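Here is the structure we will look at, set down as structure tokens.
Residue numbering restarts at 1 for every chain, and letters A, B, ... go by the order of the sequence lines. Note that this is a predicted model, so its numbers are computed, not measured.
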There are 2 protein chains.
Amino acid sequence: MNESTAPGRVGDVRRRNLSLVLDSIARTGDAKPSRAQLAAGTGLTKAAVSSLVADLVESGLVAEVGLYRDGERGRPGQGLELSSRRGVVGMEINVDYLAVGLVDLGGNLRFHASVESRNRGLPPENVMERLGGLAAEAKAAAAAEKISILGGGLAVPGLVDEQRNMVLSAPNLHWEREQLNPRSLLEGAPLGVRLSNEANSAALGELWYGAGQADFLYVSGEVGVGGGVIIGSELYTGPGGSAGELGHIVVHPEGPACSCGGAGCLETFAGQEAIFEAAGTSEGSLGERTALLLAALAAQDPQATKAVHDAGRYLGVALASSARLMDIEAVVLGGHFALLSEWLRPALLASLERYAPGLLDPKNLTVSGLEHSGTLLGAAGQVIRSVIESPFEFLLAGKLA
Amino acid sequence: MNESTAPGRVGDVRRRNLSLVLDSIARTGDAKPSRAQLAAGTGLTKAAVSSLVADLVESGLVAEVGLYRDGERGRPGQGLELSSRRGVVGMEINVDYLAVGLVDLGGNLRFHASVESRNRGLPPENVMERLGGLAAEAKAAAAAEKISILGGGLAVPGLVDEQRNMVLSAPNLHWEREQLNPRSLLEGAPLGVRLSNEANSAALGELWYGAGQADFLYVSGEVGVGGGVIIGSELYTGPGGSAGELGHIVVHPEGPACSCGGAGCLETFAGQEAIFEAAGTSEGSLGERTALLLAALAAQDPQATKAVHDAGRYLGVALASSARLMDIEAVVLGGHFALLSEWLRPALLASLERYAPGLLDPKNLTVSGLEHSGTLLGAAGQVIRSVIESPFEFLLAGKLA
DNA sequence: CCCATATAGTTCAGATTGAAAACTAATTGG
DNA sequence: CCAATTAGTTTTCAATCTGAACTATATGGG
């Protein structure tokens, strides 16, 4: 007998409708809908909405924000919004820096801090300790603004096992099967701290707080080339949790060996290291190399131009294959692909036109506008979304002060 | 205000549980569970299951099949099964043949017929007329076995718009934006006839009635190279409905031009025509060419061996990229890839090992066992699944004799 | 200033439906 | 033949939605 699906109970209806109302409030955003508007928008009766909203207000997730006057006749409604006094801390460990951000339920970045930190090769304990310092700043900021912290999200540039709080593999940090204790970063937060992959979080940040549509592929150009696949407004992680490895799509079967053990991967043509090397700008720190490359491109240096052109061409091959396999109709470029967009984009579009003509409309190939906060917003957003999708569980956990 | 989600009503609970019970009966298959076993398996109470089963039996979807004696103490239960007197007709239009099958709710192929028919270039009306003749045979068989036909599924080798009953593009039939009227094939069937893509239906057939797991990629080697992506036991069609186009993944950026307008696509190396040509066996009808190729392979002809070896190598490149992008962990080969498996598989595995070492376990690379009935089973199965997933709607539609 | 009108939100009866427990039904085995 | 055991039904209760009636609070014309 298969027990994969739970039976429907009478109470499930309320769970679903609590989520529906909360999600409606979240989507409506600045409009601060009244109960009557929510009833019209969701299809529920006013009576049901009133009852649901009462529970949400009592839990502290939703706040009434005074009268909603529109100059029309009739009794004015009470505006509702996601509480700005409940927040989630987004945190990021990357190869060259650490960052934290405090995001309220409405998705506003209320505090932000980052420090340079050369984390490659450092043991996780040291990195987590440094990050703890930043997290303390976020906690202080939350206290100052009277925001109660519900939980946190921690993004790392590698494959993670979210259930076990383990980094399975983060080659660019030289981490392999490292057990973390993210909860220790935010002692006392009722929802704990959720570990996630950096490219996936950036994709989700783009979806919820950026220009993301319901379906798109986010391409993360950091030290490695990563990807986040958004399908039907949800992250597609695949059965094993490692989908979106755009960097290791084979773009040339006779290409060079890759650090993944394969050959001809996109990363060997379009990763940061590969581009710097091909451009002849591989001297100095990451910042210096980036500056050198941008300067060379601005000066129309032929070697640098060709390096970026080639990267764009092979990225086009990978995107053509991805679009064919997954029916992807929109792409958002992040990381160094966003920085290099001006020089990369023409070659990329030409390549797409050659390998998958007409499949991807150039206006659906955009650059991320969230810059470095996208990952933080996405990491925090995952916790916020989990509350919006299951408010009942949150209500049960007890009302916060 | 966003109204994408419907509100939860009290009655939704019953809809869900009707489906849950029906699905449990379907999954349990030959074991013919009793109400008590269903209660244990679903987590519902015996009282709830009794009430739900009563509705399902009344609708004719479920039948009681006498006492369930197991020699244990206690009152024996009434065995339950999906009614073998309700059926769905699966139909297939392909380049060289037409086929129909009558599938009962339990997934048993109760009748099967196919005719050779060179459909390439024929207008849809003529093909539909010929298919209508086969459908009449299926109807007669249903009448003889006292099976009432609920609906049908029609698979075609091309991209379809299911809502509008339109074949958007079937290059190998030379059809482009052809409006069909599949309902006319089965006048009076309450659920109508559902149009679908051949590779997708074959993938679903493999999932429901073959060796399919919850997540796999089905590779269809017909005249073109197609694919069906199954994720979490569901078909992934992508936002535009055309996902799984494995044949047009770029496997060599300097490869030859492809009929799709691109270049270096898998189909130019591993499509039927490409293999026949490279093997030097492109004379005669499809059957003759296939026989020639198999004979040449059996005789260890070097040209034929190399052709199939190359096809396997490039298929490996495409599968490596697919596995990386979508985290695919299992692959089922169908069509000519199944026929050629003996010669193709070693090259394919070597290629996978080169481009994505360790990613796909060789034991998860299997060959379809359903042969030609997979597509029919899948096409019919889609209608059967829709009933299993929404029995309430079916109940409302009225009970059949 | 007052009252008709309009809109927001609450209260309450009625319906649906699953849980829990008590009950009836049918079988095995000593 | 009866105790034990398991299957399935009936009854009572609680959760929660809908719909209709009701209360609350605004605008605007006379």
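- Between atom NZ of residue B/K46 and atom CZ of residue B/R35 there is a gap of 12.0 Å, rounded to the nearest 0.5 Å.
- At the heavy-atom level, A/V13 lies under 4.0 Å from the strands shown only through sugar-phosphate atoms.
- Look at CZ on A/R9: it is 5 Å from P on C/dA19, rounded to the nearest Å.
- As a whole-Å value, the separation of A/Q78 CD from D/dT23 P is 20 Å.
- We find that CG of B/L18 is positioned 13 Å from C1' of C/dT16, with the value rounded to whole Å.
- The phosphate of C/dT10 (OP1 or OP2) has a side-chain N or O of A/S50 nearer than 4.0 angstrom.
- Of the inter-residue distances, the one linking A/F392 atom CZ with A/N17 atom CG reads 12.0 Å to the nearest 0.5 angstrom.
- If you check distances only, the side chain of A/R75 does reach the base of C/dA8 with a donor-acceptor pair under 3.5 Å.
- Straight-line distance from the CZ atom of A/R35 to the C1' atom of D/dA24: 13 Å, rounded to whole Å.
- Here the C1' atom of nucleotide C/dT17 and the CG atom of B/L20 are 15 Å apart, to the nearest Å.
- In this structure, A/L44 places its CG atom 15 Å from C1' of C/dG9, rounding to the nearest Å.
- Residue A/K46 has its side chain nearest to C/dG9 when only C/dT16, C/dG9, C/dG18 are considered.
- Side-chain N/O atoms of A/R73 and base N/O atoms of C/dA6 include no donor-acceptor pair closer than 3.5 Å.
- Among D/dA7, C/dG18, D/dT18, the nucleotide with an atom closest to any side-chain atom of A/A47 is D/dT18.
- Counting to the nearest Å, the C1' atom of C/dG18 and the CZ atom of A/R14 are 17 Å from each other.
- Residue B/S34 has a polar side-chain atom (N or O) positioned under 4.0 Å from OP1 or OP2 of D/dG8.
- Summary of the strand contacts: A/P7 and A/S51 both lie near DNA chain C, and taking for each the nucleotide with the nearest heavy atom, the more 5' one is attributed to A/S51.
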